[in-house]
Protein chains: 2
Amino acid sequence: MVELLRTPGPPIYIQIREALRAEITGGRLKRGEQLPSENKLAARFNVSRMTIRESTEDLVSEGVLYRRHGVGTFVAHPHLQRDHTKLTSFFDEAEDEGVAVQVKLLGLKVIPATPKVAEALDIPAGGHVIRVKTLCYVDGVPITVHDAHMPYGLFAGLVNENLEVQHLWRLFEKAGYRVKRAVQKLEAREASKDVASLMEVKEGAPVLFKERTVYADDGTPVEFTYCYNRGDIYSLTVALER
Amino acid sequence: MVELLRTPGPPIYIQIREALRAEITGGRLKRGEQLPSENKLAARFNVSRMTIRESTEDLVSEGVLYRRHGVGTFVAHPHLQRDHTKLTSFFDEAEDEGVAVQVKLLGLKVIPATPKVAEALDIPAGGHVIRVKTLCYVDGVPITVHDAHMPYGLFAGLVNENLEVQHLWRLFEKAGYRVKRAVQKLEAREASKDVASLMEVKEGAPVLFKERTVYADDGTPVEFTYCYNRGDIYSLTVALER
DNA sequence: GAGTGGTCTAGACCACCCG
DNA sequence: GGGTGGTCTAGACCACTCG
């Protein structure tokens, strides 16, 4: 029996969720094994059944558990590579993995948006955008060129910030926009002369090209970026759900 | 006021969810606009507040609505390109877009798994897998090479099916495995001689290379596939959530 | 029929944000 | 202070699966 803190701490359903997760990752609940029924869990934790459902809901949507109507709730077989679907910034990722990331600012200008950029950012064609070009090194190797565009109207103050040390998204948050979601289009392309020389590869070498639009949680597009990643080093893992 | 069917039909919370969605897509609730409070919605639909929360929960996680504690629930600005994060089969996608897809079976064998395949499929190294190689044409143009591996133990009957007309996943379902989730690793690569000749491009042309593992809803890995997509034609859109 | 998850109720108290 | 969403209760009935 897990000790639940009725006050103040995290909500009960989160405490129960984490207790269940710990039982699974700790091996006390094995893959494929059936959980106690919701009624029994409610009794065990001394909460209502609705609260138990809230606890398991997240685990089900994460793929840790699955439910079969009329049968029971079970521990899913663990997927390898589980968490790669999360939207994280380069900085956060690198921090987690202990990799040294360096950012070199190639340029910062306020310019009128191209039609494509304007459409992605949902601003009038020709409206002002801040364009930030950076080159990203991982362990000293140039790996990514970013060509980012932000609506000038939202982030005018951004032009005075030191963009080599802090991530754009932290600045977005200062302006009241929480980054929530990104949509990326990916293609394999040949490196152009410019990109090739920046990334120190031959012209025509394969690069992973991405067009990324980043949205705040209210749906406002806050960033549209062209990314060029060295094909011989960079790979991207994504998860899709049905 | 929407007419709710108390019996039998879909659950009330789904009816309400769809009614709200219709008000949004129909423009009666505009982007950025605040919804009536949960209490008011409960009164309007004559249901309990918990049911209203269930209705809006899905819309929030879809990004259609967003909530601000102590403030209210609002209509998010619509994202362009919303639905590209869903896991769908080639066949389903093509059907929706009215594109002619043709599949040519290049080979079907039962072979011992390579270490990498075995690990992805969670079977012993050297265990038997069904290997299916196909070439996919869209509007007559060769666009994708698939090199798929399935555990022989789960899908032995599959070797007798006509794989050119029906999708693998339908056969998985016959065997009791609902496809739920896939994890893909993407890279930009140069086309090898073999792949280049199949896809009718030059050797060394950029291709989008994917390693994909497909999971059933109980977490069982059911398919591990190497995909090669023509870089000059194929692009992939994915959504990431924070 | 017994047990499971799926849906739903009619309340309650709390934390948060605003004027 | 008043309204909002966040959490929680103690029940209820239904739909599904299995023996």
Side-chain angles (χ1 to χ4, degrees), chain A residues 2-20 29 32-61 63-76 173 176-178 180 217-218, chain B residues 2-20 29 32-61 63-76 176 178 180 217-218:
Chain A
V2 175
E3 200 64 36
L4 294 182
L5 304 166
R6 288 281 161 171
T7 54
I12 293 177
Y13 79 95
I14 289 182
Q15 295 181 49
I16 295 176
R17 184 187 73 199
E18 295 313 315
L20 291 174
L29 278 170
E33 192 173 339
Q34 181 168 8
L35 262 68
S37 74
E38 296 177 345
N39 278 318
K40 283 179 186 147
L41 284 174
R44 179 201 294 186
F45 287 107
N46 197 28
V47 297
S48 76
R49 189 177 147 220
M50 285 295 279
T51 302
I52 292 297
R53 279 187 71 78
E54 256 185 303
S55 304
T56 51
E57 204 94 304
D58 292 342
L59 297 173
V60 169
S61 75
V64 174
L65 300 178
Y66 64 101
R67 294 199 271 240
R68 289 266 189 263
H69 192 175
V71 185
T73 304
F74 302 84
V75 180
E173 297 209 352
Y177 292 92
R178 287 185 230 164
K180 168 77 184 313
D217 68 350
D218 68 351
Chain B
V2 176
E3 200 62 39
L4 294 182
L5 304 167
R6 287 281 163 171
T7 52
I12 292 177
Y13 79 97
I14 288 183
Q15 295 180 50
I16 295 176
R17 185 186 72 199
E18 294 313 317
L20 291 174
L29 278 170
E33 192 172 338
Q34 182 169 5
L35 261 68
S37 73
E38 296 177 345
N39 278 318
K40 283 179 185 146
L41 285 173
R44 180 202 292 186
F45 287 109
N46 197 28
V47 298
S48 76
R49 189 177 149 223
M50 284 296 281
T51 302
I52 293 296
R53 278 187 72 79
E54 256 184 303
S55 303
T56 51
E57 203 95 304
D58 292 342
L59 296 173
V60 169
S61 75
V64 174
L65 300 176
Y66 65 101
R67 293 198 272 240
R68 289 268 187 260
H69 193 174
V71 185
T73 305
F74 302 84
V75 180
R178 289 185 230 162
K180 167 78 183 315
D217 67 350
D218 68 351

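The sequence lines fix the lettering, A, B, ..., with proteins before strands; numbering per chain opens at 1.
- Non-hydrogen atoms lying under 4.0 Å from DNA chain D are contributed by R67(B), R68(B), H69(B), G70(B), V71(B), G72(B), T73(B), all within residues 65-73 of chain B.
- Remark: P of dC14(D) and CG of N39(A) are 17 Å apart, rounded to the nearest angstrom.
- Using a 4.0 Å cut-off, some side-chain N or O of S37(B) falls inside it from OP1 or OP2 of dT4(D).
- Regarding contacts with the backbone of dG3(D), every side-chain N or O of K40(B) stays at 4.0 angstrom or more from both OP1 and OP2.
- When rounded to the nearest whole Å, the span between CD of E38(A) and P of dT7(C) equals 11 Å.
- Scored by the side-chain hydrogen bond (donor to acceptor under 3.5 Å, both in side chains) test, Q34(B) finds no partners at all (sequence neighbours excluded).
- The separation between I14(B) atom CD1 and dC14(D) atom P is 19 Å, rounded to whole Å.
- With sequence neighbours excluded, no residue satisfies ring pair (Phe, Tyr, Trp, His ring centres under 6.0 Å) with Y13(A).
- Look at CG on L41(A): it is 12 Å from C1' on dT4(C), rounded to the nearest Å.
- Scored by the salt bridge (Lys or Arg N to Asp or Glu O under 4.0 Å) test, E57(A) finds R67(A) as partners (sequence neighbours excluded).
- With rounding to the nearest 0.5 Å, the separation of CG in L20(B) from CD1 in I52(B) is 7.0 Å.
- The nearest whole Å value for the distance from the CD atom in Q15(A) to the P atom in dT7(D) is 12 Å.
- Phosphate contact (OP1/OP2 of dT9(D), side-chain N/O of T51(A), threshold under 4.0 Å): present.
- The distance from atom OH of Y13(A) to atom C1' of dC14(C) is 14 Å, rounded to the nearest whole Å.
- Heavy-atom distances to DNA chain C give each of M50(B) and P36(A) a nearest nucleotide, and the one nearer the 5′ end belongs to P36(A).
- Following rounding to the nearest Å, R53(B) (CZ) and dC8(D) (C1') show an atom-to-atom distance of 11 Å.
- Here D58(B) pairs with R17(B) under the side-chain hydrogen bond (donor to acceptor under 3.5 Å, both in side chains) rule; sequence neighbours left out.
- Taking CG of L29(B) as the start and CZ of F74(B) as the end, the distance is 12.0 Å to the nearest 0.5 Å.
- We find that CD1 of I52(B) is positioned 16 Å from C1' of dG6(D), with the value rounded to whole Å.
- The side chain of I12(B) has dC8(C) as its nearest neighbour among dT9(D), dT7(C), dC8(C).
- Every residue meeting the side-chain hydrogen bond (donor to acceptor under 3.5 Å, both in side chains) condition with T51(B), not counting sequence neighbours, appears here in chain and number order: S48(B).
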